[in-house]
Amino acid sequence: MSDLKNPAYVKGHQLLAGKSVLITAAAGAGIGFSAATRAVEEGCHAIVISDVHEGRLTASVEKLKQETGLQNVWGKVCNVTNEDEVRALIAFAEDKLGGTDILINNAGLGTSKSLIEMDDSEWNKVIDVTLNGTMRMTRYMMKVMKERNKGGVIVNNASVLGWRAQKEQAHYAAAKAGVMALTRCAALEAAEFNVRINAVAPSIAMHPMLRKSAPEALLKELESKEAYGRAAEVWEVANVMIFLASDYSSYMTGEILPVSSQKG
């Protein structure tokens, strides 16, 4: 049995065999790249990853090829706050993949700032990347999937902060609550043309950007609230994304699935 405080990496079981995948914000060492790795390990035959950082994206494409052995890996720079770039990314993926079966919306932005000290520009930046960016990707992919008429799956990355309060996170929490509402409403529309849309809501997942940006005391406090006394590994969040992307969740749409071990 797995040690829940020190879990072993789970082997792939071909949950995405023969599928094609597009993932945003997938360059680096966070949830997005882990989701890309897991998608390949679960049998996807082709994948496009995107990011706003060109150099990091190029390196991530090569890393994914080397680590998984899959050569059908492509990268495309995209800023999800730009509608033209969103459309160009989806068109690129449709061309390279021969049709996108699965979209994972991972792009998001968080900062820490008390509401009374926050100006409009900081609020708007977080909302535009995290909520509006997810909306843009979802909206245009829904249109493409509807026109192609072969179904599909969209998985969004929300957060437990869409439900729970935390100081200095009003903008991020509002954005993630919006992602949850967007997921539920878009899912009802997409069901009419055989597309499922769900979201994950992680509590705390430890990745380099979080370790770099968050105070150590805060990280320890958040981890202490988890039943296992630790943050999730990024691949543990990615595992749930893959489940939602797979046919194992065929009856689920409009759902928000927590990835959390909180005590209370």
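Side chains of Glu226 and Ser203: a donor on one and an acceptor on the other come within 3.5 Å. Looking only at atom types and distance, the side chain of Glu122 has a donor-acceptor partner in the side chain of Thr111 under 3.5 Å away. Checking Ser20 against Asp101 by side-chain atom types alone, a donor-acceptor pair falls below 3.5 Å. In this structure, a donor-acceptor pair under 3.5 Å is absent between the side chains of Asn156 and Thr134. Side-chain contact annotation: Asp120 with Asn124, donor-acceptor N/O pair under 3.5 Å absent.
Here the CD1 atom belonging to Ile31 is positioned 11.0 Å from the CD atom belonging to Glu236, to the nearest 0.5 angstrom. For the atom pair CZ of Phe33 and CZ of Arg56, the computed distance is 11.5 Å after rounding to the nearest 0.5 Å. Going from atom CG of Asp51 over to atom OG1 of Thr58 covers 10.0 Å, rounded to the nearest 0.5 Å. In this structure, Ile90 CD1 and Arg136 CZ are separated by 12.0 Å, a value rounded to the nearest 0.5 Å. Between atom CG of residue Leu182 and atom CD1 of residue Ile197 there is a gap of 7.5 Å, rounded to the nearest 0.5 Å.
Trp123 and Ala174 get closest at one heavy-atom pair: CH2-CB, 3.8 Å. Listed here is the closest heavy atom pair of Glu42 and Leu15: OE1-N, 2.9 Å. Of all heavy-atom pairs between Met145 and Thr100, the closest is CE-O, 3.5 Å. Annotation for Ala158 and Ala199: closest pair CB-CB, 4.4 Å, computed over non-hydrogen atoms. Across Thr81 and Val129, no two heavy atoms sit closer than the pair CG2-CG2, 3.6 Å. Contact record, Thr130 with Val179: O-CG2, 3.5 Å, taken as the closest heavy-atom pair.
Val52 places none of its side-chain heavy atoms less than 4.5 Å from the side chain of Glu85. Considering only heavy atoms from C-beta on, Leu22 comes within 4.5 Å of Leu89 through its side chain. You'll find the side chain of Ser159 stays beyond 4.5 Å of the side chain of Gln166, heavy atoms only. At least one side-chain heavy atom of Asn105 sits under 4.5 Å from a side-chain heavy atom of Thr138. In this structure, Pro258 and Trp163 have side chains that are in contact, with non-hydrogen atoms separated by less than 4.5 Å. Side-chain contact between Ser60 and Ile49: present, with at least one pair of heavy atoms (C-beta onward) separated by less than 4.5 Å.
Taking the six-membered ring where the residue is Trp, Trp235 and Tyr9 present perpendicular rings, their angle passing 60° and hence far from 30°.
Salt bridge present: Glu41 and Arg38 bring a charged side-chain N and a carboxylate O closer than 4.0 Å. One finds a salt bridge joining Glu83 and Arg139 here, because a Lys/Arg side-chain nitrogen approaches an Asp/Glu carboxylate oxygen to under 4.0 Å.
At distances below 3.5 Å, at least one donor-acceptor pair connects side-chain atoms of Lys176 with backbone N or O atoms of Asn157. Arg196 places a side-chain N or O within 3.5 Å of a backbone atom of Leu244 that can act as its donor or acceptor partner. Between the side chain of Arg184 and the backbone N or O of Ile256, no donor-acceptor pair lies under 3.5 Å.
Summarising the local packing, NZ of Lys113 is surrounded by more than 12 heavy atoms from other residues, nucleotides or ligands at distances under 6.0 Å. Around NZ of Lys143, the count of heavy atoms belonging to other residues, nucleotides or ligands within 6.0 Å does not exceed 12. Atom CD of Glu54 has 12 or fewer heavy atoms from other residues, nucleotides or ligands within 6.0 Å.
Among residues two or more places apart in sequence or in another chain, the ring-ring contact (aromatic ring centres under 6.0 Å, His included) test is passed with Tyr251 by none.
Each of Leu109 and Val160 belongs to its own hydrophobic cluster when Ile, Leu, Val, Met, Phe, Trp and Tyr are linked at side-chain heavy-atom distances under 4.5 angstrom.
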